[in-house]
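Read through the structure below, which is laid out as structure tokens, and then see the notes.
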Amino acid sequence: MEQHLVRVLVVDDLPSFRRAVAGVIAVADGFELAGEAVSGEDALGFLEEHAVGLVLMDVNMPGMGGLEAARRIRCRYPEILVVLLSVNNTEDLPRDAMVMGAHYRHKDRFGPDELEALWSDGGHVRS
């Protein structure tokens, strides 16, 4: 039986962090890198043409940041799990960050186990 892979879009303005997250995706069971974007605007454009199940997105980026992009993605594509990644603590994020339906993970602690647990603990929306 063929395993369904979760397609993941990585959004971060830093190439080094996009590579690091792509590495996490590569070693996590059941996930594949669908693409990369450098801003919220790029992410929205990517999603217009590609199906993904998960968006891993930096909070602070030039142009449209992760919070606004997450809000727009959740409005347009409610079936997509959006995870905001930041070096800030949860308490330091704007209050409405979690209200919009996005999840949050600290960049320093994000790895394959965290990715798999996040998806299995509530990220998967069955149609």
Side-chain angles (χ1 to χ4, degrees):
M1 185 167 147
E2 183 180 320
Q3 179 183 359
H4 174 72
L5 296 176
V6 178
R7 294 176 42 81
V8 183
L9 172 63
V10 177
V11 187
D12 198 300
D13 57 314
L14 297 175
S16 59
F17 191 73
R18 289 195 312 272
R19 282 192 300 275
V21 174
V24 168
I25 294 165
V27 298
D29 289 334
F31 297 87
E32 71 176 349
L33 181 65
E36 298 179 11
V38 298
S39 68
E41 295 91 346
D42 287 346
L44 289 167
F46 184 90
L47 293 173
E48 288 177 6
E49 299 185 16
H50 302 88
V52 304
L54 174 61
V55 174
L56 300 174
M57 184 162 34
D58 185 26
V59 172
N60 296 310
M61 296 179 287
M64 183 189 303
L67 296 174
E68 178 60 20
R71 186 188 68 75
R72 291 185 188 193
I73 291 167
R74 293 293 299 147
C75 286
R76 290 183 196 171
Y77 310 99
E79 72 282 3
I80 295 176
L81 175 64
V82 178
V83 179
L84 297 169
L85 300 171
S86 177
V87 295
N88 296 320
N89 292 320
T90 307
E91 310 82 58
D92 298 330
L93 293 175
R95 218 180 175 134
D96 61 347
M98 302 306 111
V99 175
M100 73 182 83
H103 297 266
Y104 169 78
R105 293 298 182 270
H106 199 280
K107 280 185 175 183
D108 292 345
R109 296 185 290 271
F110 191 76
D113 292 341
E114 180 75 16
L115 178 61
E116 292 168 10
L118 178 68
W119 185 257
S120 66
D121 287 347
H124 192 70
V125 178
R126 298 203 182 262
S127 41

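FYI, side chains are in, hydrogens and waters are out, and symmetry mates aren't considered; it's all heavy atoms of this structure. Because the structure is a prediction, the values reported are computed rather than measured.
- The shortest heavy-atom contact between L84 and G66 is CD2-O, 3.6 Å.
- V52 pairs with exactly one of V6, V8, I80 by the side chain to side chain contact (heavy atoms under 4.5 Å, CB included) rule, that one being I80.
- Here ring pair (Phe, Tyr, Trp, His ring centres under 6.0 Å) pairs that include residues 60-79, with residues two or more places apart or in two chains, number zero.
- Between L54 and F31 the shortest heavy-atom distance is CD2-CE2, 4.1 Å.
- Of all heavy-atom pairs spanning E79 and R74, the tightest one is N-NH1, 4.4 Å.
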**Item:** Worked check of side-chain contact (heavy atoms from CB on, under 4.5 Å) between L56 and V24
**Value:** CA-CA 11 Å; L56 300 174; V24 168; over 6 Å; no
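- Taking CZ of R72 as the start and CG of L67 as the end, the distance is 12.5 Å to the nearest 0.5 Å.
- Contacts classified as ring pair (Phe, Tyr, Trp, His ring centres under 6.0 Å) and involving residues 35-58 (residues at least two apart or in different chains) are given here: F46-H50.
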Using the side-chain contact (heavy atoms from CB on, under 4.5 Å) rule, take M61 and V11 through it: C-alpha gap first, then chi angles, then the decisive distance, then the call. CA-CA 9 Å; M61 296 179 287; V11 187; 3.7 Å; yes
Before giving the answer on side-chain contact (heavy atoms from CB on, under 4.5 Å), spell out for L85 and D12 the whole-Å C-alpha distance, their side-chain angles and the decisive distance to 0.1 Å.
CA-CA 9 Å; L85 300 171; D12 198 300; over 6 Å; no
For residues 32-44, tabulate all N or O donor-acceptor pairs below 3.5 Å that involve a side-chain atom, not counting sequence neighbours.
unit_1, atom_1, unit_2, atom_2, d
E32, OE2, R7, NH1, 3.4
E36, OE1, R18, NE, 3.1
S39, OG, E41, N, 3.4
S39, OG, E41, OE1, 3.2
S39, OG, D42, N, 3.1
E41, OE1, M64, N, 3.2
E41, OE2, M64, N, 2.9

